[in-house]
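Right, one structure below, let's go through it.
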Amino acid sequence: MVTNKVRVRFAPSPTGFFHIGSARTALFNWLYARHTGGTFVLRIEDTDKERNSEAFLNVIYESLKWLGMDWDEGPGKSGDFGPYRQSERDHVYREYLEKLKAAGRTYEKDGAVYFKLLGERSEVFDEHRKKTVTKVAAAPAIIDDQIRGRVERVEDEDFVIVRSDGNPVFHFVNVVDDIAMQITHVIRGEDHLSNTSKHVELFKAFGVTPPKFAHIPLILKSDGPGKMSKRDRGALIEEYQKRGFLPEAVVNFLCLLGWNPGDDREKMPVAEIVKLFDLPGVNQSNARFDEKKMAHMNMLYVLEQPAERFVELARAHLTQHNVTAALAAEPAYFREVMLLSQPKIKGLEELPAYTAYFFTEDYATDEKVRGKVMGKGDPKARLRELIEVLRAADFSSDTAIETAIKDLATKNALGFGDYQAVARLAVSGTNVGPSITGMFRVLGRERVLARLERFLAAA
RNA sequence: GCCCUCAUCGUCUAGCGGCUAGGACGGGGCCCUCUCAAGGCCCAAACCGGGGUUCGAUUCCCCGUGAGGGCGCCA
């Protein structure tokens with residue numbers, strides 16, 4: 001069965017947490033598959049038995065699902081090219097190894113199987129590795145790269161394809177599976193570019209035309225030298241999930257690291273990205289990770305969430321973080337508090353602190369703010385006036401409350417702010433929060449009056 | 001050390017021989033305003049260096065320099 005349909009694969013190895021760089025590689029593969037109407041294959045490269053773990057494997061599945069990258073073939077899916085875990089494909093590797101042996105392209109040394117390059121051999125002392133190695137004067141491998149153009153590199157040393165313990169190594173299984181799974185485009189990080197000459201030699205040895213390669217730029221750490229590593233802040237996908245980032249914001253941000261639609265657009269729905277994404281649009285230079293820009297993108301998505309979805313997201317986030325006081329509240333009240341907060345926060349992670357005083361009478365008071373607010377005029381007198389007015393005020397809408405306070409201020413030749421500041425301090429303990437009228441309306445008359453009186457008594 | 005890749009504001013980037021070098025994040029200022037945000041307007045901020053090619057280079061070529069990657073019986 002030969003088709004010209006695009007088949008791409010994302011081939012992570014479960015040896016660590018799911019990294020932002022891996023996520024973007026997955027994303028570019030997924031986008032390309034969806035853009036071309038091709039097939040997105042998930043293949044697990046778990047040939048290193050020592051370092052693999054099922055826990056990490058689940059993190060990969062969960063992260064991909066969370067980001068909305070569904071795979072067409074792979075673990076948990078049917079497919080004509082399975083199994084999709086390399087640990088279960090030993091028979092395939094054995095079969096392909098025989099082909100290489102039959103072609104006289106292998107030899108054994110120290111119990112390991114080596115792939116034999118074609119060309120003149122000579123012994124050379126390698127300064128870097130401090131040992132003598134056998135160099136092969138091979139013809140350069142041609143890498144047809146969709147992003148970098150034609151790249152030539154000479155592979156000049158035989159390399160191990162099966163370890164002495166019998167397990168095949170990455171370069172070998174990677175190529176074998178790309179052949180067996182009929183992969184048409186290999187989209188991966190630029191850190192693999194130098195290795196690609198090994199892969200090209202293997203493809204040639206199997207008599208197969210190599211797939212198109214596309215080596216995408218790397219993501220560099222935001223400060224300091226080198227590429228992003230798992231220890232860097234912002235490196236782990238599950239961290240974004242925990243912090244309440246919206247997956248569509250993460251996807252949108254990630255796709256902009258090394259790609260752009262060709263114009264000024266940045267915030268785009270994923271369907272639009274799928275429509276516009278193509279390999280020639282991918283940049284060639286590495287990108288530095290910028291947490292602030294990521295946070296900004298997230299805020300844009302928080303702002304535009306429909307009310308019901310936002311409340312749902314908020315509940316999920318507070319549940320994940322065990323914010324019991326909020327979760328115990330009446331659903332209708334919870335909803336009002338969250339919707340009041342939505343336009344004011346940059347991310348879900350602000351929610352617990354931002355809304356705490358709505359769900360407890362035991363909220364802290366910011367002493368710095370207290371000092372500032374209580375030092376101006378006669379705040380206690382204003383509180384007393386406000387309490388009087390609120391006892392009879394209409395609490396059914398923000399504007400009704402606003403009118404009541406404005407009338408009071410006008411009567412006493414003061415401004416709205418003269419009442420707002422002290423009332424906010426009394427009711428929330430801080431100077432940060434939603435509009436005072438919204439706060440009053442949601443908290444309700446009883447709660448507001450109780451808090452104002454309690455504050456006044458203690459002042 | 002050898003090999004590969006890359007190079008525009010601090011950062012992400014647009015530009016594909018002729019532009020006042022555009023946008024976004026971040027920073028600064030002003031406006032709006034019940035706090036804090038958000039938002040609106042404005043400002044500062046870049047073509048790594050040197051040679052070519054060309055009437056003309058940010059753009060094409062070469063050399064430096066810088067950055068990143070690879071050189072495992074890891075992936």
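Letters A, B, ... mirror the listed sequences (proteins, then strands); counts begin at 1.
Taking every heavy atom of both residues into account, A:I187 and A:T25 meet most closely at O-CG2, 3.7 Å.
B:C73 and B:G15 have their P atoms separated by 42 Å, given to the nearest Å. Between B:G50 and B:G18, the distance separating the two C1' atoms is 24 Å to the nearest Å. Rounded to whole Å, the separation between the P atoms of B:G49 and B:A7 comes to 15 Å. Taking atom C1' in both B:G70 and B:A57, the straight-line distance is 34 Å, to the nearest Å. One C1' atom belongs to B:G22, the other to B:C16, and the distance between them is 15 Å to the nearest Å. Comparing the same atom, C1', in B:U53 and in B:A46 gives a spacing of 25 Å after rounding to whole Å. To the nearest whole angstrom, the two P atoms, one in B:U59 and one in B:C48, are 8 Å apart. B:A37 sits 34 Å from B:A21 when the C1' atoms are compared, rounded to a whole Å.
Using a 4.0 Å heavy-atom distance criterion, A:S285 is classed as a sugar-phosphate-only contact. Contacts of A:I436 with the nucleic acid, taken as non-hydrogen atoms under 4.0 Å apart, include base atoms. Here A:P434 lies in heavy-atom contact (under 4.0 Å) with a base. Within the nucleic acid shown, A:A421 has no heavy atom closer than 4.0 Å to any nucleic acid atom. Residue-level contact check: A:S435 touches the bases, meaning some heavy atom is under 4.0 Å from a base atom. A:M294 comes within 4.0 angstrom of nothing in the nucleic acid, heavy atoms only. Heavy atoms of A:E152 sit under 4.0 angstrom from primed sugar atoms or phosphate atoms, though from no base atom.
Straight-line distance from the CG atom of A:L300 to the P atom of B:C25: 8 Å, rounded to whole Å. A straight line from CD of A:Q86 to C1' of B:A75 spans 9 Å, rounded to a whole angstrom. Rounding to whole angstrom units, CG of residue A:D156 and C1' of B:G70 are separated by 12 Å. If you take CG of A:N260 and P of B:C25, they are 16 Å apart, rounded to a whole angstrom. In this structure, A:K346 atom NZ and B:C25 atom P are separated by 10 Å, rounded to whole Å. When rounded to the nearest whole Å, the span between CD1 of A:I143 and P of B:G70 equals 15 Å. The nearest whole Å value for the distance from the CG atom in A:N283 to the P atom in B:U11 is 15 Å. With rounding to whole Å, A:Y93 atom OH is found 11 Å from B:A75 atom P.
If you check distances only, the side chain of A:T437 does reach the base of B:C34 with a donor-acceptor pair under 3.5 Å. Between the side chain of A:S194 and the base of B:C71 there is no donor-acceptor pair of N/O atoms closer than 3.5 Å. Counting distance only, with no hydrogens placed and no angle test, the side-chain atoms of A:K344 and the base atoms of B:C36 include a donor-acceptor pair under 3.5 Å. The base of B:G70 lies outside donor-acceptor range of the side chain of A:E190, with no N or O pair under 3.5 Å.
The partner of B:G18 is B:C55, by the rule that a Watson-Crick or G-U pair needs both atom distances under 3.5 Å. A 3.5 Å limit on both hydrogen-bonding distances identifies B:G70 as the Watson-Crick or G-U partner of B:C2. Across all strands shown, B:G27 forms a Watson-Crick or G-U wobble pair, both distances under 3.5 Å, with B:C43. Partner assigned to B:G49 is B:C63, using Watson-Crick or G-U wobble distances below 3.5 angstrom.
With B:U35, B:C3, B:C25 as the choices, the nucleotide that has an atom nearest any side-chain atom of A:R153 turns out to be B:C3. Listed nucleotides: B:G23, B:G26, B:A75. Nearest to the side chain of A:E266: B:G23. Picking from B:C25, B:U5, B:U35 the nucleotide with the shortest atom distance to the side chain of A:V151 gives B:U5. In the set B:G26, B:U5, B:G70, the nucleotide with an atom closest to the side chain of A:N195 is B:G70. Considering only side-chain atoms of A:L220, the nucleotide from B:C34, B:G68, B:C73 that sits closest is B:G68. Side-chain atoms of A:R424 lie closest to B:C34 of the nucleotides B:G22, B:C73, B:C34. Comparing B:A38, B:G22, B:C25 against the side chain of A:L303 picks out B:A38 as the nearest. Here the nucleotide nearest the side chain of A:K227, chosen from B:G69, B:G26, B:A75, is B:G69. Side-chain proximity of A:Q420 to B:C73, B:G69, B:U35: nearest is B:U35. Candidate nucleotides B:C6, B:C25, B:A75 were compared by shortest atom distance to the side chain of A:H192, and B:A75 ranks first.
Between A:R441 and A:E336 a salt bridge is recorded (basic side-chain N to carboxylate O distance below 4.0 Å). Using a 4.0 Å cut-off between charged side-chain N and carboxylate O, A:K198 and A:E201 make no salt bridge. Salt bridge A:K293/A:D290: absent, no basic N to carboxylate O contact under 4.0 Å. With respect to the salt-bridge test (charged N to carboxylate O, under 4.0 angstrom), the residues A:R188 and A:E45 do not qualify. Using a cut-off of 4.0 Å between Lys/Arg side-chain N and Asp/Glu carboxylate O, A:R43 and A:D178 are scored as salt-bridged. Electrostatic pairing of A:E291 and A:K346 does not count as a salt bridge here, judged by no charged N lying under 4.0 Å from a carboxylate O.
Along RNA chain B, the nucleotide closest to A:R148 and the one closest to A:G258 are compared, and the more 5′ of them pairs with A:R148. Both A:K293 and A:P12 lie near RNA chain B, and the one whose nearest nucleotide falls closer to the 5' end is A:K293.
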Would you tabulate the pairs of protein nitrogen or oxygen atoms and nucleotide nitrogen or oxygen atoms of nucleotides 63-66 of chain B closer than 3.5 angstrom?
none

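At B:C36, none of the side-chain N or O atoms of A:T430 fall inside 4.0 Å of OP1 or OP2 (strictly under the cut-off). Taking only side-chain nitrogens and oxygens, A:R129 comes nearer than 4.0 Å to OP1 or OP2 of B:G72.
For A:D158 (side chain) and A:Y114 (main-chain N/O), no donor-acceptor pair under 3.5 Å exists by modelled atom type. Under a 3.5 Å cut-off, the side chain of A:R150 and the backbone N or O of A:D145 do not form any donor-acceptor pair.
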- Message: For a salt bridge (Lys or Arg N to Asp or Glu O under 4.0 Å) check, start with the C-alpha distance between A:D378 and A:R384, then their side-chain angles and the critical distance, and finish with the verdict.
- Response: CA-CA 10 Å; A:D378 187 356; A:R384 270 184 228 108; 5.5 Å; no

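Applying the side-chain hydrogen bond (donor to acceptor under 3.5 Å, both in side chains) rule to pairs touching residues 404-417 of chain A yields A:E385-A:N412, A:E402-A:K406, A:N412-A:Y419, sequence neighbours excluded.
Judged by the 6.0 Å and 45° rule, A:R24 forms a cation-pi pair with A:F28.
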